[in-house]
Amino acid sequence: MTFMQMNNIYKVYNEKVLAIDNFNLDVNENEFVALIGPSGCGKSTLLRMIAGLEDITHGDLVIGDKRMNDVHSKDRDIAMVFQNYALYPHMTVFDNIAFGIKLRKCKKAVIQEKVTEVAKTLELTEHLHKKPSELSGGQRQRVALGRAMIQESSIFLMDEPLSNLDAKLRGHMRIEILKLHRELGITTVYVTHDQVEAMTMSDKIVVMKDGVIQQIGTPRELYYHPSNLFVAIFIGEPEINILEAEVIEGHIRVENQLYPIPTSLKEKLSAYEGKKVIFGIRSEDVRTENIYIENNADYKITKNINLVEMRGDSYIIATELGNKDFYVKVPSYQTYKVNDSIEFVLNMDKALFFDVDTQERI
């Protein structure tokens with residue numbers, strides 16, 4: 001069920017800088033939606049417009065069945081978690097968590113009960129008497145989450161809440177936020193520039209560039225079916241391999257090697273006969289298994305290894321193809337070293353093709 005709608009939203013600064021361009025999004029009740037994109041793409045501006053901290057230049061924000069454009073931020077039933085936690089340094093953890101409901105003039109007994117419950121959920125009970133300066137980064141983030149939770153709002157807005165944490169703690173806090181989301185069932189809009197966060201946490205992702213939506217979809221849809229080259233490059237680690245290619249007599253030529261066009265794309269690529277296209281293939285779709293190479297001996301590629309990056313269960317092998325860096329992902333039980341040669345075959349059934357001019361996926 002649609003709970004929040006952003007219809008034809010524009011944001012213009014100083015009557016000349018277009019920050020958000022015709023943004024349309026439906027958010028379902030209890031859904032976890034991530035807004036992602038490079039710095040300056042407008043994702044935090046959108047979050048602030050939902051919160052009422054920025055005016056909407058044009059368009060409609062609807063929550064439930066009510067238009068919210070002119071509703072004051074404090075009356076929108078929204079809780080926001082900021083990147084820098086925004087905790088009051090002179091207050092204890094207890095008072096920081098309780099701050100919002102104290103403003104509502106709740107009774108002391110009610111405040112005590114609610115703070116105690118939230119602190120227990122977030123494992124902050126033994127820290128309630130401390131000041132923020134006495135806490136670790138992860139603990140401060142949990143205090144900020146607790147302050148949002150205690151308000152029992154219908155929407156959580158989170159603006160890059162994990163960006164100040166180290167990598168290990170970010171992984172832990174992702175799990176904690178997801179647990180809270182599932183337990184509380186609160187509609188959540190989460191802003192991040194980290195596509196790993198978005199892929200692992202969200203039900204739906206909105207990819208943005210220069211204030212414009214590039215694609216909306218599930219993590220799986222964005223990874224396997226990107227709508228354009230920008231989304232294909234932005235989603236995935238390591239970055240998708242991109243090469244120039246040409247359609248020739250029902251084949252794809254990549255670095256002077258002809259490959260058969262996948263059956264599913266023959267009709268679409270026939271319109272590009274004799275033309276250049278952009279060819280993309282992810283590192284895990286570059287095959288190194290002996291049996292695969294033997295069965296596709298005519299398409300075997302042999303290259304020199306420039307870099308071997310250990311990822312635990314896998315290696316990322318960096319080589320070159322088409323005068324560009326080219327990445328191959330292999331299981332870490334295989335042994336490779338810099339300056340060794342590596343043999344591989346491209347799994348053309350997993351390849352992606354993009355129009356050179358529009359950069360839309362073919």
Side-chain angles (χ1 to χ4, degrees), residues 220-229 231-356 359-362:
R220 185 178 180 83
E221 287 169 345
L222 267 60
Y223 190 78
Y224 290 107
H225 307 287
S227 61
N228 58 40
L229 185 61
V231 176
I233 292 173
F234 195 83
I235 299 294
E237 170 58 34
E239 190 176 289
I240 189 172
N241 295 303
I242 296 297
L243 300 166
E244 289 184 358
E246 190 174 359
V247 180
I248 298 177
E249 297 179 354
H251 289 74
I252 296 291
R253 183 167 69 185
V254 179
E255 201 189 44
N256 298 319
Q257 173 68 59
L258 289 177
Y259 298 89
I261 293 177
T263 303
S264 61
L265 286 170
K266 278 187 176 179
E267 185 176 346
K268 289 183 177 180
L269 284 173
S270 65
Y272 289 83
E273 180 64 42
K275 297 179 180 179
K276 290 185 177 181
V277 294
I278 299 171
F279 170 88
I281 190 163
R282 298 199 183 276
S283 58
E284 66 269 23
D285 295 322
V286 181
R287 309 300 294 269
T288 59
E289 302 93 329
N290 288 336
I291 188 169
Y292 200 92
I293 291 174
E294 290 169 6
N295 292 338
N296 297 273
D298 292 342
Y299 307 112
K300 182 181 72 174
I301 299 171
T302 303
K303 291 290 180 178
N304 194 58
I305 294 175
N306 298 327
L307 180 70
V308 178
E309 184 179 313
M310 179 63 173
R311 295 284 185 90
D313 64 339
S314 63
Y315 285 122
I316 302 300
I317 306 294
T319 181
E320 282 188 12
L321 189 63
N323 296 319
K324 292 184 177 182
D325 290 334
F326 190 85
Y327 298 99
V328 183
K329 186 176 183 179
V330 299
S332 58
Y333 61 77
Q334 298 181 12
T335 303
Y336 290 98
K337 294 181 293 184
V338 173
N339 294 325
D340 283 352
S341 62
I342 183 171
E343 295 181 340
F344 56 87
V345 175
L346 308 181
N347 184 359
M348 296 300 289
D349 289 330
K350 299 290 187 179
L352 300 172
F353 298 92
F354 304 88
D355 185 285
V356 172
Q359 299 198 345
E360 295 295 309
R361 184 163 65 93
I362 297 171

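All residue numbers in this chain count up from 1 along the given sequence.
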Which pair of non-hydrogen atoms, one from Ala232 and one from Ile240, has the smallest distance, and what is that distance?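 Distance-wise, the nearest heavy atoms are O-CG2, 3.4 Å.
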ask   = Would Val286 and Asn347 satisfy side-chain contact (heavy atoms from CB on, under 4.5 Å), going step by step from the backbone distance to the final call?
value = CA-CA 6 Å; Val286 181; Asn347 184 359; over 6 Å; no
Partners of [X] by side-chain hydrogen bond (donor to acceptor under 3.5 Å, both in side chains), sequence neighbours excluded?
X: Arg287; result: Glu289
X: Ser283; result: none
X: Asn228; result: Gln214
X: Tyr336; result: Gln334

Any salt bridge (Lys or Arg N to Asp or Glu O under 4.0 Å) involving [range]? Give me the pairs, sequence neighbours left out, ordered by first then second residue.
range: residues 243-258; result: Glu246-Arg253, Glu255-Lys303
range: residues 271-281; result: none
range: residues 331-355; result: Lys300-Glu343

- [ ] Say whether, by atom type as modelled, one donor and one acceptor occur between the side chain of Asn241 and the main chain of Gly280 under 3.5 angstrom.
- [x]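 It does not hold such a pair.
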Next item on the list: For Asp285 and Ile281, indicate whether the former's side chain and the latter's backbone hold a donor-acceptor pair under 3.5 Å.
Entry: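 No; judged by distance alone, with no hydrogens or angles, the pair does not exist.
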ask   = Rounded to the nearest 0.5 Å, how far apart are CG of Leu269 and CG of Leu265?
value =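 So the CG of Leu269 and the CG of Leu265 are separated by 5.0 Å.
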key: Pairwise distance CD(Glu309) to CZ(Arg311) - rounded to 0.5 angstrom   =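 The distance works out to 4.0 Å.
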Practice problem: Given side-chain contact (heavy atoms from CB on, under 4.5 Å), test Asn339 with Ile305 step by step and report yes or no. | Solution: CA-CA 5 Å; Asn339 294 325; Ile305 294 175; over 6 Å; no
*Looking at residues at least two apart in the chain, or sitting in another chain, which of them share a ring-ring contact (aromatic ring centres under 6.0 Å, His included) with Phe353?*
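So Phe353 forms a ring-ring contact (aromatic ring centres under 6.0 Å, His included) with Phe279.
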Kindly indicate whether the side chain of [X], heavy atoms from C-beta on, has any atom under 4.5 Å from the side chain of [Y].
X: Ile342; Y: Thr302; result: no
X: Leu352; Y: Pro226; result: yes
X: Val277; Y: Val247; result: yes
X: Val330; Y: Phe344; result: no

Keeping to residues at least two apart or across chains, list the ring-ring contact (aromatic ring centres under 6.0 Å, His included) pairs with something in residues 250-277.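 Sorted pair list: Tyr259-Tyr299.
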Side-chain donor/acceptor pairs under 3.5 Å, residues 313-326, sequence neighbours excluded:
{"residue": "Thr319", "atom": "OG1", "partner": "Asn304", "partner atom": "O", "Å": "2.6"}

Query raised in the report: Which residues satisfy the side-chain contact (heavy atoms from CB on, under 4.5 Å) test with Gln359, sequence neighbours excluded?
Result: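 Listed in chain order: Leu229.
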Exercise for review: Just do the side-chain contact (heavy atoms from CB on, under 4.5 Å) check on Ile278 and Ile242 with the steps written out, would you?
Suggested key: CA-CA 7 Å; Ile278 299 171; Ile242 296 297; 3.6 Å; yes
- Query: Quick one: is the NZ or CZ of Arg282 closer than 6.0 Å to the six-membered ring centre of Tyr224, and within 45° of its axis?
  - Reply: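 Checked: cation-pi criterion not met.
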Any side chain to side chain donor-acceptor pair (under 3.5 Å) involving residues 261-270? Give me the pairs, sequence neighbours left out, ordered by first then second residue.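 Qualifying pairs: none.
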